[in-house]
Peer 1: 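To start, I am sharing the structure in question, which I have written as C-alpha cells.
Numbering starts at 1 and runs along the sequence shown. Excluded from the calculations below are hydrogen atoms, water molecules and symmetry mates; all remaining heavy atoms, backbone and side chain alike, are included.
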Amino acid sequence: MRYVLICVVMAVVIVLDQVTKWLADSAIDPHQYVPVTGFFNLVNVRNRGAAFGFLNDPSITWQIWFFCAAAALAVIVIFWVARGAREKDRPLFAALGCIAGGAVGNVIDRARLGAVVDFLDFHYAGWHWPAFNVADIAICVGAALTALVVLRMPPPGKAEKNSGEKRP
C-alpha cells in the first residue's frame, strides 16, 4: 500500500504541475508578468538552475544533467526510505510522493525545454521572491511534512516495545 500511495500522490503532483505550467506558458509570453494582486504576479520565466536560481546560467550546460540525475537519485532514495517505514506511516508516504512528484515534474521540463517553467511571483516593496511552480511547492510541502512526521515518530526501540509492531 505504501508504494501505491506514493505513486498516486506523485502522479497527481506531476499532472497538476504540468497542466499549470502549460496554462502559464500558453497564456503568458516569456518574461511577461500579469499582476494579480499588489503582492502577486503570474509570470513566465525559465530556470535552468535549481531553487532560487542557483546555477541558472545559460552558459553552463552540465547543470541540466546534474539536476536530472539528482532527481532520479531522490526518487530512488524515496522508495528506499518507504521500504523501511511502517505501513501505518501514511502521512510519510504522502509526503514522499509530493517530493517525488515535484522532482519528476521539474525533470520533465528540463528534458522537454532545457529549463524549468516558473510562473508564481510573490513580491513586496520591490523585493521579489524567486519565481516558482507547483512542483517546487510540492517539494517544499513534502519536505516539511516529512520532517514533521519524522520528528513526531517515537524512537525505534520504544515504538516496537509499545506497539508490538516490528519494522520490515
Side-chain angles (χ1 to χ4, degrees), residues 3-79 81-82 90-150:
Y3 302 115
V4 171
L5 182 55
I6 291 171
C7 289
V8 166
V9 171
M10 187 168 106
V12 168
V13 168
I14 292 167
V15 169
L16 285 173
D17 178 61
Q18 291 300 302
V19 167
T20 55
K21 287 173 179 174
W22 176 80
L23 289 169
D25 203 30
S26 61
I28 305 166
D29 291 330
H31 304 291
Q32 178 190 8
Y33 71 95
V34 177
V36 177
T37 69
F39 61 88
F40 173 66
N41 300 324
L42 292 173
V43 298
N44 184 349
V45 296
R46 299 291 191 271
N47 180 2
R48 293 175 54 89
F52 310 115
F54 176 68
L55 293 177
N56 187 16
D57 182 348
S59 67
I60 303 173
T61 57
W62 58 265
Q63 82 269 43
I64 293 170
W65 301 108
F66 174 77
F67 292 126
C68 288
L73 180 62
V75 171
I76 290 167
V77 168
I78 283 167
F79 281 95
V81 166
R90 287 185 184 90
L92 176 63
F93 304 136
L96 294 173
C98 284
I99 296 168
V104 172
N106 282 340
V107 163
I108 291 169
D109 285 7
R110 290 182 199 288
R112 206 169 52 88
L113 305 168
V116 174
V117 176
D118 287 330
F119 61 92
L120 302 170
D121 173 39
F122 285 88
H123 57 90
Y124 176 75
W127 293 89
H128 289 257
W129 188 260
F132 57 97
N133 58 47
V134 171
D136 299 334
I137 295 168
I139 291 168
C140 291
V141 168
L145 184 56
T146 298
L148 184 65
V149 168
V150 169

Peer 1: I'd like to check T20 versus N133 (side-chain heavy atoms, cut-off strictly below 4.5 Å). Are they in contact?
Peer 2: no
Peer 1: Less than 4.5 Å apart, side chain to side chain, heavy atoms only: is that true for T146 and V81?
Peer 2: no
Peer 1: Start with the C-alpha distance between F119 and D25, add both sets of side-chain angles, then the distance that settles side-chain contact (heavy atoms from CB on, under 4.5 Å), and finish with yes or no.
Peer 2: CA-CA 8 Å; F119 61 92; D25 203 30; over 6 Å; no
Peer 1: Indicate the atoms forming the closest heavy-atom contact of C98 with A138, along with that distance.
Peer 2: CB-O, 3.4 Å
Peer 1: Roughly how far, to the nearest 0.5 Å, is CE of M10 from CD1 of I78?
Peer 2: 8.5 Å
Peer 1: Going by atom types only, do D29 and N44 share a side-chain donor-acceptor pair under 3.5 Å?
Peer 2: no
Peer 1: Please report the closest heavy-atom contact between V149 and P91, naming both atoms and the distance.
Peer 2: CG2-CB, 3.8 Å
Peer 1: What are the two closest heavy atoms between F67 and R110, and how far apart are they?
Peer 2: CB-NE, 3.5 Å
Peer 1: Between Q18 and R112, is the side-chain contact (heavy atoms from CB on, under 4.5 Å) condition met? List the steps.
Peer 2: CA-CA 11 Å; Q18 291 300 302; R112 206 169 52 88; 4.2 Å; yes
Peer 1: Please tell me if the side chains of L120 and L42 come closer than 4.5 Å, counting only heavy atoms from C-beta onward.
Peer 2: yes
Peer 1: For a 4.5 angstrom cut-off between non-hydrogen side-chain atoms, does V116 reach K21?
Peer 2: yes
Peer 1: Please name the pair of heavy atoms, one in I6 and one in F93, separated by the smallest distance, quoted to 0.1 Å.
Peer 2: CG1-O, 3.3 Å
Peer 1: Indicate the atoms forming the closest heavy-atom contact of G97 with V9, along with that distance.
Peer 2: C-CG1, 3.6 Å
Peer 1: Measuring from C140:SG to L145:CG, what's the distance to the nearest 0.5 Å?
Peer 2: 12.5 Å
Peer 1: Could you verify whether a donor N or O on one side chain and an acceptor N or O on the other, from N106 and D17, lie under 3.5 Å apart?
Peer 2: no
Peer 1: Would you say that V117 contacts R46 through its side chain, given a criterion of any heavy-atom pair below 4.5 Å between the two side chains?
Peer 2: yes
Peer 1: Relative to the ring of F122, is the ring of F132 parallel (under 30°), tilted (30 to 60°) or perpendicular (over 60°)?
Peer 2: parallel
Peer 1: Against L16, only a single residue in V12, I14, V19 fulfils side-chain contact (heavy atoms from CB on, under 4.5 Å); can you say which?
Peer 2: V12
Peer 1: Verify, without hydrogens or angle tests, whether N41 (side chain) and V43 (backbone) share a donor-acceptor contact under 3.5 angstrom.
Peer 2: no
Peer 1: Heavy atoms only: give me the nearest A135-G102 pair and the separation to one decimal.
Peer 2: CB-O, 3.3 Å
